[in-house]
A.B. asks: 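A single structure is presented below for examination.
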Amino acid sequence: MPPRTESEEHQALRTAVAALGKRHGRTFDREALWSEAAKLGYLGVNLPEQYGGGGGGISELSIVLEELGAAGCPLLMMVVSPAICGTVIARFGTETQKQEWLPALADGTRTMAFGITEPDAGSNSHRITTTARRDPETGDWLLTGRKVFISGVDIADATLIVGRTEDSRTGRLKPCLFIVPRDAEGFHRRQIDMELQAAEKQFELTLDDVRLPADALVGDEDAGLLQLFAGLNPERIMTAAFAIGMGRYALAQAITYARDRTVWNTPIGAHQAIAHPLAQAHIDLELARLMMQKAAHLYDAGDDVGAGEAANMAKYAAGEACVKAVDQAVHTLGGNGLTREFGLASLITAARVARIAPVSREMILNYVSHQTLGLPKSY
């Protein structure tokens, strides 16, 4: 049942997306689902109406992803394409960039990946070494560097790359965002061999003097971290939605099994050793969803600072709740929980992602320690 704390519009959206997810199920075809979600207006629900979007916010987009996840067919690129890249372009892009990208992101005909993580930078975005320098003769940008664990680069039309430019006044490097087309010369990708089963593949990227026109830069060259974090808060909120949906899916399978599986003439769900952990998993998922809704509300209201704290908390809570829900679901099914038939075993690996990406739970605890509690840094 949709939460009664939500508006009628949000409840109707949940119901409609849940029906779409049920039609596709866990054996879904990614391209078919992406196309249908786009036609129904779900992919671009957070993007501005004047550019073909739904005029909503991350609140609506997170509902879409959560409900698809709860049906067993989450779309990871929703986190990246409309949530991160679409948000950044809508807020900071030039009029030309908005017209070129936002309608296509909204109707699903084009997708964009997001490249920030580097082999030697990890959670420390201040150590990003991908650099962008100007060609004094043409005004073009030249990008050089490496990225790792970048999702869906092979299916994306372009990647929004986080690079750094040198400040002529201070000599320091500052972060900037660039749109790099998939077929750009010098832009190479290598698929990473993952144990994780997902429709979207992971890649290591190499940029070898990738030449881009001056208008490939998104927004103001001097805006720096402001533009970067504008995309990272929606990423955390959407990761929470992804995790909550996955946890709900696993929990639903376990509940059905616990009702039907009978040992010694009693359904196993009647035993508190089975029932209580499932109840706890449900509580944890509901609590995580409330924090996610708070974070989305603050972000959509324009409170970037408040949204930053809440988005980190939501991502942390959802990751923990998802891992526990999946673990308990598998345990409830026993040996059946490890079979392909029930589709839970693969979630053991997938659930861990929400604890690791896009930022580890330890870094979130650092954030809360420093920013919320005012404790000193250890680094």
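As a basis for the values below, the full set of heavy atoms in this structure was taken, side chains included, without hydrogen atoms, waters or symmetry mates.
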A.B. asks: Taking all heavy atoms of Met112 and all of Val80, pick out the closest pair and write down the distance.
C.D. replies: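 Scanning both residues, the minimum pair turns out to be O-CG1, 3.3 Å.
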
A.B. asks: Where do Arg164 and Cys176 land on the side-chain contact (heavy atoms from CB on, under 4.5 Å) test, with the steps shown first?
C.D. replies: CA-CA 5 Å; Arg164 302 180 77 183; Cys176 288; over 6 Å; no

A.B. asks: Might you point out which heavy atoms bring Val88 and Gly231 nearest each other, and give the distance in Å?
C.D. replies: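 So the minimum-distance heavy-atom pair works out to CG2-CA, 3.8 Å.
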
A.B. asks: Would Arg211 and Trp141 count as a cation-pi pair here, with the cationic atom under 6.0 angstrom from the ring centre and within 45° of the axis?
C.D. replies: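 No, Arg211 does not lie over the aromatic ring of Trp141.
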
A.B. asks: Where is the tightest heavy-atom contact between Phe178 and Ala132, given as atom of each residue plus distance?
C.D. replies: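 Here Phe178 and Ala132 meet closest at CZ-CB, 3.5 Å.
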
A.B. asks: State whether the number of non-hydrogen atoms from other residues, nucleotides or ligands found under 6.0 Å of His24 atom NE2 is greater than 12.
C.D. replies: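 Yes, enclosed.
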
A.B. asks: I'd like to know if Arg133 and Asp140 make a salt bridge, using a cut-off of under 4.0 Å between side-chain N and carboxylate O.
C.D. replies: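 Between Asp140 and Arg133 there is no salt bridge, as every charged N stays at least 4.0 Å from the carboxylate O atoms.
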
A.B. asks: Please report the closest heavy-atom contact between Pro74 and Phe28, naming both atoms and the distance.
C.D. replies: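 Result for this residue pair: O-CZ, 3.6 Å.
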
A.B. asks: Just checking Tyr379 against His370, ring centres under 6.0 Å apart?
C.D. replies: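 Yes, they do, as the ring centres are separated by less than 6.0 Å.
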
A.B. asks: Should Glu36 and Lys39 count as an ion pair when the cut-off is N to O under 4.0 Å?
C.D. replies: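 Here Glu36 does not pair with Lys39 in a salt bridge, since their nearest N and O are not under 4.0 Å apart.
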
A.B. asks: Evaluate side-chain contact (heavy atoms from CB on, under 4.5 Å) for Gln11 paired with Glu6, printing each intermediate quantity in order.
C.D. replies: CA-CA 6 Å; Gln11 291 185 51; Glu6 290 185 331; 4.1 Å; yes

A.B. asks: Examine the side chains of Ser59 and Gln293 and answer whether a donor and an acceptor come within less than 3.5 Å of each other.
C.D. replies: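 Absent: no donor and acceptor within the cut-off.
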
A.B. asks: Which residue is it: Asp300, Val45, Ile237? I am looking for the one with a side chain to side chain contact (heavy atoms under 4.5 Å, CB included) to Leu61.
C.D. replies: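 Among the candidates, only Val45 passes.
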
A.B. asks: List in chain and number order the residues that pass side-chain contact (heavy atoms from CB on, under 4.5 Å) with Asp304, two or more places apart in sequence or in another chain; answer none if no residue qualifies.
C.D. replies: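 Expected list: Arg91, Tyr299.
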
A.B. asks: Return each pair, listed once, that meets salt bridge (charged side-chain N to carboxylate O under 4.0 Å, His left out) where at least one residue sits in residues 362-373; pairs must be two or more places apart or across chains.
C.D. replies: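 For residues 362-373: none.
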
A.B. asks: Start with the C-alpha distance between Ile192 and Val148, add both sets of side-chain angles, then the distance that settles side-chain contact (heavy atoms from CB on, under 4.5 Å), and finish with yes or no.
C.D. replies: CA-CA 9 Å; Ile192 302 171; Val148 70; 3.9 Å; yes

A.B. asks: Indicate every side-chain donor-acceptor pair of residues 336-354 with a distance under 3.5 Å to a residue at least two apart or in another chain.
C.D. replies:
| from | atom 1 | to | atom 2 | distance (Å) |
| --- | --- | --- | --- | --- |
| Asn336 | ND2 | Tyr257 | OH | 2.9 |
| Thr339 | OG1 | Asn336 | O | 2.7 |

A.B. asks: Any salt bridge between Glu204 and Arg189, counting N to O under 4.0 Å?
C.D. replies: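 Looking at Glu204 and Arg189, the cut-off is not met.
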
